[in-house]
Student: 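Next up is a structure, given as structure tokens.
Naming convention: chains lettered A, B, ... in sequence-line order (proteins, then strands); numbering from 1 in each chain.
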Amino acid sequence: MRLSQFHLATVKEVPADAEIVSHQLMLRAGMIRRLAAGLYIWSPLGLRVLHKVENVVREEMNRAGAIEMLMPAIQPRELWEESGRWDKFGDQLLKLKDRKQQDFCFGPTHEEVITDFARNELKSYKQLPITFYQIQTKFRDEIRPRFGVMRAREFLMKDAYSFHLDAESLAATYAVMYEAYSRIFSRLGLAFRAVQADTGAIGGNASHEFQVLADSGEDAIVFSDGSDYAANLEKAEALPPAQGRPLPSMALEMVDTPTQRSIEEVAALLGVATSRCMKTLLLRGHAGLVALCLRGDHTLNEIKAAALDELGGEVVFASEEEVRAIAGATIGFIGPVRLPAEIPVIVDRDAAVLADFVCGANVAGRHFTGANWDRDARIARIADLRNVVEGDSSPDGHGVLHVARGIEVGHIFQLGTKYAQAMQATVLDDSGNNQVMSMGCYGIGVTRIVAAAIEQRHDAKGIVWPAAMAPWSVVICVINSRQAPEVGAAAEALYQALQARGVEVLLDDRGLRPGAMFADMELIGIPHRIVVSERGVAAGTLEYRARDAEISQTLSEEQLFALLG
RNA sequence: CGGGGUAUAGCUCAGUCUGGUAGAGCGUUGCGUUUGGGACGCAAAAGUCGGGGGUUCGAAUCCCUCUACCCCGACCA
């Protein structure tokens, strides 16, 4: 590509609302332009990168035996009524009406459509297992789109769906997809981890997320240093503590804590560690309030809490009024001691082995010291309620957990029969009986990968693309060809020679001053740069510099060809 | 949806408190000089000051209202 014939739209300044590096650099490099909240135009440059990602994904899906197809972005309401998600999906589902006032939605995902397709097309167990996939635009009306293309409302996704006669076959394909995903992210040159995940809204059994490691990531992931255990923070189990609860050694005593409402303030006032304080949270359960107790230095895991029978699926904190009415104190002075008997106290495993702890007295401005379970407060039940922290034992018993940030770029699920059952997708088995098919689903956020790659690979000058994602492999920068025609001719010859070898080459023939040219090429992250100038032409050598190198080197044409393969 | 904020030239922003002829840098156009790390000179184009309403002799500025966008919390590829 001759740059003079392309539309490169780099800018020096960047809108103040671009918060993370990838968003800023994509804007500065001119890869994307915002159209509306969560909607982005992909410029010619951006599209080249997007296509690179798409092609790697496509190649690996094909290699794994999946078959490409394409489903409509717009889907009829009836299908979503069948699965029960028309209402359940919530406001993220963009609903539309056509001219006849019939209801449709813009697909946020395609389980319904593919299951409908499968029940019509698949009649016999002999057609199974089979995996379909598409690379297609999704729309989710996110509550808060942000970080540019990282969390946009409209985005490109590769979604695959597999169909099986039984769970064993599903597990086998799941393993194949797991491998395919690992290959994809490796080929794209990304540092990533596959972690065990909560199945969330999509539902089902086993599930893994593929997380690109980046400090700006929105997800917390944990992994063991003594095994290959890795999980989303939401999912990671906090093991019961090794030691049991010591015997009480202090008497229960009420102390004044007039303005100290937070654990930190109370601990500081009383001169005790936050780990000796009891954090008591009042939640609204389906049969009245429920108290959850955690050690003061631990945080509630809302996924674990939501799964408690008493809460039934969601975590809703009690209002200030409810707290005051029941416990006689405002938030900040709540504790398990002398709580009304109708409020069950569910205690975290680590909180349950505390003795002589500090807790709210259920009286405004007062806390207890020397509180002890059984003697002073009832335990209705002990459960795993907290988020694991750095240094906890790994749930598999090997090693210690570490916490990192990640960007979720892929997610695979064993859905089981959830959708096939609801939509009656059945096949005949080998004894002629109808069997509900088992399903797997496998998503990759194609657009998000582009942003995640930049988060991981950039420097002060701009993007540093991994080879597989670069819009062009090499750029030829031509210096002052207007006054030195032999320079232009040499650059043109090299351009032709590289093209003939199948190298994706960009010729910067814009006639800019060198500084401006170099800055642009570094911003957009071209991995290899050749400078053609009067002195190089005179010497018969090429000046080469890798994007991630500090200095240039002099190469012969043969050496360059060898380098670029 | 709750809480906070922003809206002025293509972009980044000043001007708003204290009402009085619309500003800067970058970018763009033309001419000239330049050509190894975002050049320089001269000239120029470019604004319904987010929309609507009000107060006033006079509104970017004060008041009301609507809209869009952004940030902090719950969702997800």
Side-chain angles (χ1 to χ4, degrees), chain A residues 9-20 23-24 27-28 30 33-39 53 57 88-93 108-110 135-160 181 197-202 207 209-212 217-219 232 234 302-303 306 314-317 406-413 441-452 461-462 477-484 487 510-523 529 531-536 543 545 552:
Chain A
T10 56
V11 288
K12 284 188 197 167
E13 284 174 308
V14 76
D17 52 36
E19 287 197 287
I20 60 171
H23 189 194
Q24 292 167 355
L27 251 14
R28 286 231 289 132
R33 293 277 118 103
R34 196 185 68 88
L35 213 216
L39 302 179
V53 176
V57 170
K88 204 177 159 200
F89 210 90
D91 290 337
Q92 279 200 54
L93 189 62
T109 176
H110 281 70
I135 295 176
Q136 210 245 18
T137 298
K138 304 282 194 259
F139 190 96
R140 294 184 190 173
D141 202 352
E142 292 282 347
I143 299 158
R144 190 146 90 83
R146 65 179 139 176
F147 300 152
V149 119
M150 188 80 85
R151 176 182 295 280
R153 293 195 292 176
E154 185 178 301
F155 57 98
L156 235 208
M157 179 171 167
K158 184 285 300 177
D159 48 326
Y181 272 44
D198 183 71
T199 48
I202 295 184
S207 172
E209 290 169 355
F210 287 76
Q211 297 268 0
V212 165
E218 294 187 87
D219 291 355
N232 190 303
E234 294 172 343
E302 296 199 10
I303 299 286
E314 58 176 349
V315 171
V316 182
F317 284 89
I407 299 165
E408 184 186 356
V409 291
H411 202 157
I412 59 179
F413 298 85
C441 89
Y442 318 91
I444 287 183
V446 177
T447 38
R448 181 179 282 181
I449 284 176
V450 176
K461 294 170 179 169
C477 292
V478 192
I479 292 181
N480 198 15
S481 62
R482 218 152 46 119
Q483 318 235 315
V487 171
R510 295 175 297 173
L512 296 187
R513 299 170 69 84
M517 196 159 37
F518 297 159
D520 268 350
M521 293 307 109
E522 281 156 352
L523 211 210
R529 182 184 82 190
V531 177
V532 178
S533 66
E534 284 180 90
R535 45 186 210 227
E543 181 183 325
R545 179 136 152 204
S552 302

Student: Need to verify one output field. Residue with the more 5' nearest nucleotide on RNA chain B, A/Arg34 or A/Leu156?
Tutor: A/Arg34
Student: Ignoring hydrogens, what is the shortest heavy-atom contact between A/Val53 and A/Val446? Give both atom names and the distance.
Tutor: CG1-CG1, 3.8 Å
Student: Between C1' on B/C76 and CD on A/Glu302, what's the gap in Å once rounded to a whole number?
Tutor: 16 Å
Student: State which residues pass salt bridge (Lys or Arg N to Asp or Glu O under 4.0 Å) with A/Arg153; sequence neighbours excluded, sorted by chain then number.
Tutor: A/Asp141
Student: Within this structure, what is the CZ-to-C1' distance between A/Arg153 and B/A68, rounded to whole angstrom?
Tutor: 12 Å
Student: Considering only the C1' atoms, how many Å lie between B/U21 and B/G51, rounded to the nearest integer?
Tutor: 24 Å
Student: Using the C1' atom on both, measure B/G4 against B/A45 and round to a whole Å.
Tutor: 40 Å
Student: When you compare B/G2 with B/C49, how far apart are their P atoms, in angstrom units rounded to a whole number?
Tutor: 31 Å
Student: Give a yes or no on whether the backbone of A/Gly410 and the side-chain of A/Tyr442 come within a donor-acceptor separation of less than 3.5 Å.
Tutor: no
Student: How does protein contact run along nucleotides 33-40 of chain B, one letter per nucleotide 5' to 3', with B for base contact, S for sugar-phosphate only, - for none, heavy atoms under 4.0 Å?
Tutor: -BBBBBB-
Student: Between A/Arg448 and A/Glu408, is there a donor-acceptor pair closer than 3.5 Å when you use the side chain of the first and the backbone of the second?
Tutor: yes
Student: Using whole Å, report how far CD of A/Glu218 lies from C1' of B/C76.
Tutor: 9 Å
Student: Measure CZ/A/Phe413 against C1'/B/A77 and give the value in whole Å, please.
Tutor: 9 Å
Student: Please give the distance between the P atoms of B/G3 and B/U12 as a whole number of Å.
Tutor: 28 Å
Student: Between B/U18 and B/C11, how far apart are the two C1' atoms, rounded to whole Å?
Tutor: 31 Å
Student: How would you label the contact of A/Asp219 with the nucleic acid (heavy atoms, under 4.0 Å): base, sugar-phosphate, or nothing?
Tutor: base
Student: With both distances under 3.5 angstrom, what nucleotide forms a Watson-Crick or G-U wobble pair with B/A24?
Tutor: B/U12
Student: Identify whether any heavy atom of A/Ala18 sits under 4.0 Å from a base atom; if not, whether one sits that close to sugar-phosphate; answer base, sugar-phosphate or nothing.
Tutor: nothing
Student: Would one find a side-chain N or O of A/Arg146 under 4.0 angstrom from OP1 or OP2 of B/C70?
Tutor: no
Student: Rounded to the nearest angstrom, tell me the gap between atom CD1 in A/Ile135 and atom P in B/A77.
Tutor: 17 Å
Student: Applying a 3.5 Å limit to both distances, which nucleotide forms a Watson-Crick or G-U wobble pair with B/A68?
Tutor: B/U6
Student: Report the C-alpha separation of A/Glu142 and A/Arg151 in whole Å, then their side-chain angles, then the decisive distance to 0.1 Å, and conclude whether the salt bridge (charged side-chain N to carboxylate O under 4.0 Å, His left out) test is met.
Tutor: CA-CA 8 Å; A/Glu142 292 282 347; A/Arg151 176 182 295 280; 3.3 Å; yes
Student: For B/U55, give its Watson-Crick or G-U wobble partner with both distances under 3.5 Å, or none.
Tutor: none
Student: Give me the distance, rounded to whole Å, that separates B/G50 from B/A7 when you measure between the P atoms they each carry.
Tutor: 8 Å
Student: Which atom pair, heavy atoms only, marks the closest approach of A/Ile407 to A/Gly217?
Tutor: CG1-CA, 3.6 Å
Student: Roughly how far apart, to the nearest Å, are B/U8 and B/C70 at atom P?
Tutor: 14 Å
Student: Rounded to whole Å, please give me the gap between CZ in A/Phe147 and P in B/C75.
Tutor: 16 Å
Student: Base, sugar-phosphate or nothing for A/Arg151? Non-hydrogen atoms, less than 4.0 Å.
Tutor: base
Student: Show the distances under 3.5 angstrom between N or O atoms of the protein and N or O atoms of nucleotides 4-10 of chain B.
Tutor:
none

Student: When the C1' atoms of B/A60 and B/G52 are compared, how many Å lie between them, rounded to an integer?
Tutor: 16 Å
Student: Can you find a side-chain donor-acceptor pair between A/Asp159 and A/Gln136 that sits under 3.5 Å?
Tutor: no
Student: For A/Ala36 and for A/Ile444, find the nucleotide of RNA chain B with the closest heavy atom, then tell me which residue's nucleotide is more 5'.
Tutor: A/Ala36
Student: Whether the side chain of A/Arg28 engages the backbone of A/Glu13 through a donor-acceptor N/O pair (distance < 3.5 Å, no angle test) should be reported.
Tutor: no
Student: Using Watson-Crick or G-U wobble geometry with both distances below 3.5 Å, tell me the partner of B/A45, or none.
Tutor: none
Student: Measuring from atom CG of A/Leu93 to atom OG1 of A/Thr109, what distance do you get when rounded to the nearest 0.5 angstrom?
Tutor: 10.5 Å
Student: Taking the side chain from A/Ser207 and the backbone from A/Ile412, do they hold a donor-acceptor pair closer than 3.5 Å?
Tutor: yes
Student: Atom CD of A/Gln211 and atom P of B/C76: how far apart are they, to the nearest Å?
Tutor: 14 Å
Student: Would A/Glu154 and A/Arg140 pass as an ion pair if we require N to O under 4.0 Å?
Tutor: no
Student: CD1 of A/Ile143 versus C1' of B/C72: gap in Å, rounded?
Tutor: 14 Å
Student: Can you tell me the pairing partner of B/A39 across any strand shown, Watson-Crick or G-U wobble, with both distances under 3.5 angstrom?
Tutor: B/U33
Student: Closer than 3.5 angstrom, by distance alone: can the side chain of A/Thr10 be matched with the main-chain N or O of A/Asp520 as a donor-acceptor pair?
Tutor: no
Student: Would one find a side-chain N or O of A/Arg33 under 4.0 angstrom from OP1 or OP2 of B/C11?
Tutor: no
